[in-house]
Amino acid sequence: MAVTDPIADYLTRIRNAQLAGHRTVDIPSSKLKVGITEILYNQGYIHKYKVESDSTVQGVIKIALKYDMESKKPVIRKLLRISKPGLRHFTQANNLPRVINGLGIAIISTSKGLLTDKQAREAHIGGEVLCFVY
C-alpha cells in the first residue's frame, strides 16, 4: 500500500516508537524527511541520526530517540501534522505560528528550504507550516 502522506507517516513512526519505548526507529528516507530529522537533531529533540542507503531505492533514516534521564519520558511530547495533503496550510512571514509561546517549534517549508518558525521569522520568509514539535 502506498503512503499518501509521507510526513504524517514519518511523525507517526516516531510517535509509535516512543510509546513503545524503543531506542531507535527506522524510517524510509527522502530529502524532506532528512531535512525534518536534521531540524529535530539541531533543536535537541533526538539523540542522533544516520542516513543509510542500502539495496532499496529509497534508503533508511535511523533515528536514535532521546528520553529524559530521570523520568524516562520521551523528549518529544507532541508531534502535530498541520498542513495535510487535503488542506495545505500556508502562512506569511508576519503570521508565523508560535508553538507554546516559543517553547516548541514549527517546521516551515520555505523557498530557502526547511526552517524552524524562529529562523523563518528572522529571515522574513513565509511558507507551508508542516508540523509542530514540542
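Just so it is clear, the structure is predicted and the values come from calculations on it, not from any experiment.
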### Least distance between heavy atoms, Val133 atom then Val99 atom
O-CG1, 4.2 Å

### Residue pairs, two or more places apart or on separate chains, that pass salt bridge (charged side-chain N to carboxylate O under 4.0 Å, His left out) and touch residues 63-87
Asp5-Arg81

### Task
Mind checking the CD1-NZ spacing from Ile61 to Lys50? Nearest 0.5 Å is all I need.
13.0 Å

### Task
Can you see which heavy atom on Thr4 is nearest to which on Pro85, and at what distance?
O-CG, 4.1 Å

Under 3.5 Å, side-chain donor or acceptor atoms of residues 87-94 against the rest of the protein: list the pairs with distances, not counting sequence neighbours.
from  : atom 1 : to     : atom 2 : distance (Å)
Arg88 : NH1    : Glu128 : OE2    : 3.0
Thr91 : OG1    : Asn95  : O      : 3.0

### Query
Should Cys131 and Leu80 be marked as a side-chain contact (heavy atoms from CB on, under 4.5 Å) after you check the CA-CA gap, both sets of side-chain angles, and the distance that decides it?
CA-CA 5 Å; Cys131 60; Leu80 287 174; 5.9 Å; no

#### Entry: Name of the residue among Ile125, Leu96, Leu114 meeting side chain to side chain contact (heavy atoms under 4.5 Å, CB included) with Ile108
Leu96

### Summary
So the side-chain hydrogen bond (donor to acceptor under 3.5 Å, both in side chains) pairs with at least one residue in residues 26-35 (sequence neighbours excluded) are Asp26-Lys62

### Message
Quick check: is Ile7 connected to Ile107 through a chain of hydrophobic side chains (ILVMFWY, heavy atoms under 4.5 Å apart)?
### Response
yes

### Message
For the OH atom of Tyr134 and the CD1 atom of Ile105, what is their distance to the nearest 0.5 Å?
### Response
12.5 Å

### Message
Using modelled atom types and a 3.5 Å cut-off, is there a donor and acceptor pairing between side-chain atoms of Arg121 and backbone atoms of Thr116?
### Response
no

#### Entry: Single-linkage hydrophobic cluster, 4.5 Å side-chain cutoff, Phe132 and Ile36 together
no

### Task
Using a 4.5 Å cut-off on heavy atoms from C-beta on, say whether the side chain of Ile27 contacts that of Ile14.
yes

#### Entry: Results of side-chain hydrogen bond (donor to acceptor under 3.5 Å, both in side chains) for Arg13 - residues two or more places apart only
Asp9

### Message
Is there a continuous path of hydrophobic side-chain contacts, each under 4.5 Å between heavy atoms, that joins Ile100 to Leu11?
### Response
no

#### Entry: Set of side-chain hydrogen bond (donor to acceptor under 3.5 Å, both in side chains) partners for Gln18, sequence neighbours left out
none

### Message
If hydrophobic clusters are built from ILVMFWY residues whose side chains come within less than 4.5 Å, do Ile76 and Tyr10 share one?
### Response
yes

### Task
Please check if Ile63 and Val34 belong to a single hydrophobic cluster, counting links between Ile, Leu, Val, Met, Phe, Trp and Tyr side chain heavy atoms closer than 4.5 Å.
yes

### Query
Do Pro6 and Leu32 touch side chain to side chain, with heavy atoms closer than 4.5 Å?
no

### Message
Between Tyr67 (side chain only) and His22 (backbone N and O only), is there a donor and an acceptor less than 3.5 Å apart?
### Response
yes

What side-chain donor-acceptor pairs closer than 3.5 Å can you find for residues 38-46, not counting sequence neighbours?
from  : atom 1 : to    : atom 2 : distance (Å)
Glu38 : OE1    : Tyr49 : OH     : 3.3
Asn42 : ND2    : Glu38 : O      : 3.3

